[in-house]
There are 2 protein chains.
Amino acid sequence: MIQAERRFEILKHLHTEGAVYIDQLSSLFDVSPMTIRRDLASLEEEGRLIRSHGGAVLPETLTQEIPYQTKLSSYTAEKQEIARKAVERIPEHSRVLLDSGTTNLEIAKLLSKRDDLLIVTNDAKISMELLNSECQVISTGGELQRGVGAFIGAHVQEFLKQIKVDIVFIGANAVHPTEGISTPTLEKSYIKKQMLKNASVKWVVADYSKFNKRSFAHVCDLEEINGIITDGQIDSNTVEELQKVTNVY
Amino acid sequence: MIQAERRFEILKHLHTEGAVYIDQLSSLFDVSPMTIRRDLASLEEEGRLIRSHGGAVLPETLTQEIPYQTKLSSYTAEKQEIARKAVERIPEHSRVLLDSGTTNLEIAKLLSKRDDLLIVTNDAKISMELLNSECQVISTGGELQRGVGAFIGAHVQEFLKQIKVDIVFIGANAVHPTEGISTPTLEKSYIKKQMLKNASVKWVVADYSKFNKRSFAHVCDLEEINGIITDGQIDSNTVEELQKVTNVY
DNA sequence: ACTAAAACAAACAAATTCAAACATTTCTTT
DNA sequence: AAAGAAATGTTTGAATTTGTTTGTTTTAGT
């Protein structure tokens with residue numbers, strides 16, 4: 001066994017075991033510990049492992065996926081509750097469209113093991129969240145809204161026109177019993193409208209702080225959607241009001 | 001047995017065993033070790049193996065779809081050096097296209113304050129890196145390559161056809177003086193080709209470990225690009241060889 | 001905080017491998 | 001058949017790898 005071969009084996013070992021030990025490698029390859037040390041030093045220089053007393057481990061960047069700082073959003077607990085309810089409504093082998101927003105990000109976090117799903121999203125953070133997941137992920141691309149992580153612009157429109165999905169989860173800034181769903185910018189309302197157009201089942205996700213509000217740009221009426229998924233803190237009068245025109249979960 | 005035949009057998013051996021040894025080959029073909037050395041040297045030139053004291057091993061580019069994870073943090077120092085050189089070559093108010101890859105990710109990290117730039121990329125990680133930056137960011141979108149963070153698929157092609165940029169930075173898995181730039185999958189080679197087509201200035205970024213190698217799918221010849229940006233560890237003979245056909249920085 | 005055991009790395013030594021230069025053989029071409 | 005080119009072998013000093021020794025540093029237990 002030659003040097004390059006041994007070093008390659010060390011890396012292989014490291015990747016399967018997560019860590020390697022000098023005395024273990026030394027007896028495995030029947031070479032002196034000093035030789036292994038030199039191997040590890042060289043591999044560390046290449047950035048392929050991190051040395052530590054007695055052995056080496058994988059560099060952090062390899063083991064953990066970067067939890068891309070998902071800026072602490074408000075009402076996280078509520079959004080997680082909504083997300084749990086939402087994933088129950090995703091049948092196997094669905095094609096799912098996830099609108100941008102933190103509630104949908106929570107949904108994405110629960111989907112990483114669902115290898116039966118195809119997920120389309122216009123949210124960069126959701127893409128990253130699913131980078132190491134089992135599902136197939138498609139991003140719309142487009143102009144990145146700074147800070148937010150949503151893709152916007154005409155390109156998103158064009159992209160969405162080209163696809164059909166089974167389920168869409170739309171985020172909402174404002175939900176009103178008679179005025180329906182609205183959002184602060186025209187731009188986003190166009191995108192959400194297009195999303196609703198090409199989905200068979202349409203859900204709106206919104207925590208209790210979004211209800212009985214109206215925003216600038218109208219997205220859709222409540223009759224057009226299959227239902228609203230929200231959290232337990234929503235006021236019961238509001239639920240009653242809403243249930244006249246749509247389902248509330 | 002003639003030279004070409006023997007060299008072919010050496011490669012066959014290498015592919016089945018993963019490694020070959022000079023004394024083993026020497027007695028197998030009944031030639032002197034020096035002859036085997038010359039064979040290995042020649043095959044290494046062609047990028048078909050990596051020599052090591054006493055023998056040779058397969059280049060990693062061929063052994064596997066490198067679990068990108070290992071590539072992730074390899075040669076980070078070199079990539080940072082390359083990134084520093086690269087950003088010097090970005091004039092104000094440029095429209096920049098960043099190919100997927102860790103070297104370009106390092107470039108992106110250096111661009112966050114450049115509010116004069118428009119950056120287009122097919123790498124989800126680069127998008128995220130620039131999420132809180134000053135520059136305008138556009139993502140191609142497309143099918144997310146799991147683990148890697150690159151967007152691939154026909155959509156990326158279509159998107160790239162629609163845009164023109166001032167500068168492109170292409171990542172390379174393999175750079176060879178006569179064979180040019182190549183990459184492990186056809187898919188990626190198409191994308192890189194399209195990127196080169198619509199850029200005025202074309203740079204290839206590659207750390208020293210990528211040189212004198214050939215991979216599966218050809219991307220472009222060295223004459224077609226404005227230059228290669230690499231790190232200081234590159235061997236001076238290689239530089240000399242490359243400078244016959246392109247610029248090396 | 002102190003101490004003993006283990007791990008480490010610098011320096012040197014031995015063995016092996018390498019490659020340049022030259023010699024020899026084999027193959028091609030005329 | 002002779003000359004030239006290409007491939008291979010041989011010699012030899014240099015370079016690389018590995019192991020060993022030795023003193024230092026780190027770790028872990030009391």
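It should be emphasised that the depicted structure is a prediction, and the values quoted were computed from it without experimental measurement. First the proteins, then the strands, lettered A, B, ... as listed; each starts at 1.
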Evaluation steps, side-chain contact (heavy atoms from CB on, under 4.5 Å), between A:Leu130 and A:Cys135: CA-CA 7 Å; A:Leu130 295 171; A:Cys135 21; 4.0 Å; yes
Run B:Glu158 and B:Lys161 through salt bridge (Lys or Arg N to Asp or Glu O under 4.0 Å) and show every step you take. CA-CA 5 Å; B:Glu158 290 306 312; B:Lys161 277 182 191 163; 3.4 Å; yes
Decide yes or no on side-chain hydrogen bond (donor to acceptor under 3.5 Å, both in side chains) for B:Asp123 and B:Thr121, but give the supporting numbers first. CA-CA 5 Å; B:Asp123 189 307; B:Thr121 183; 5.6 Å; no
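Bounding nucleotides for the chain A contact on DNA chain D, 5' to 3', at a heavy-atom distance below 4.0 Å, are D:dT17 to D:dT27.
Contact detail for A:Val20 and A:Ile10: the closest heavy-atom pair is CG1-O, 4.1 Å.
Taking atom CD of residue B:Gln24 and atom P of nucleotide C:dT17, one finds them 13 Å apart after rounding to whole Å. One can place CD1 of A:Ile22 at 11 Å from C1' of C:dA9, the figure rounded to the nearest angstrom. We find that CZ of A:Arg51 is positioned 13 Å from P of C:dA7, with the value rounded to whole Å. Between the CD atom of A:Glu44 and the C1' atom of C:dC8 there is a distance of 13 Å, given to the nearest Å. In this structure, A:Met1 places its CE atom 18 Å from C1' of C:dT16, rounding to the nearest Å.
Take the nearest nucleotide of DNA chain D for A:His53 and for A:Arg7: the residue whose nucleotide is more 5' is A:Arg7.
Contacts of A:Ser52 with the nucleic acid, taken as non-hydrogen atoms under 4.0 Å apart, involve only primed sugar atoms and P, OP1 or OP2.
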Reading DNA chain D 5' to 3', how would its secondary structure be written in dot-bracket notation, given Watson-Crick and G-U pairs with both distances under 3.5 Å, brackets [ ] for crossing pairs and | for partners on other strands? ||||||||||||||||||||||||||||||
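Of the charged side-chain nitrogens involved, none lies within less than 4.0 Å of a carboxylate oxygen, so that B:Lys85 and B:Glu88 do not count as a salt-bridged pair. Salt bridge status for B:Glu9 with B:Arg6: absent, with no side-chain N to carboxylate O gap under 4.0 Å.
Within a 6.0 Å sphere centred on CD of A:Glu134, other residues, nucleotides and ligands contribute more than 12 heavy atoms.
Two residues are said to be in side-chain contact when any heavy atoms from C-beta on lie closer than 4.5 Å; B:Arg48 and B:Arg7 fail this criterion.
Side-chain contact of A:Lys79 with A:Thr102: a donor-acceptor pair under 3.5 Å is present, judged by distance alone. The closest side-chain donor-acceptor pair between B:Thr238 and B:Asn212 falls under 3.5 angstrom.
B:Pro91 pairs with exactly one of B:Val201, B:Ile167, B:Asp166 by the side-chain contact (heavy atoms from CB on, under 4.5 Å) rule, that one being B:Ile167.
Near-neighbour residues of DNA chain C inside residues 25-41 of chain A, defined by a heavy atom below 4.0 Å, number-ordered: A:Met34, A:Arg37.
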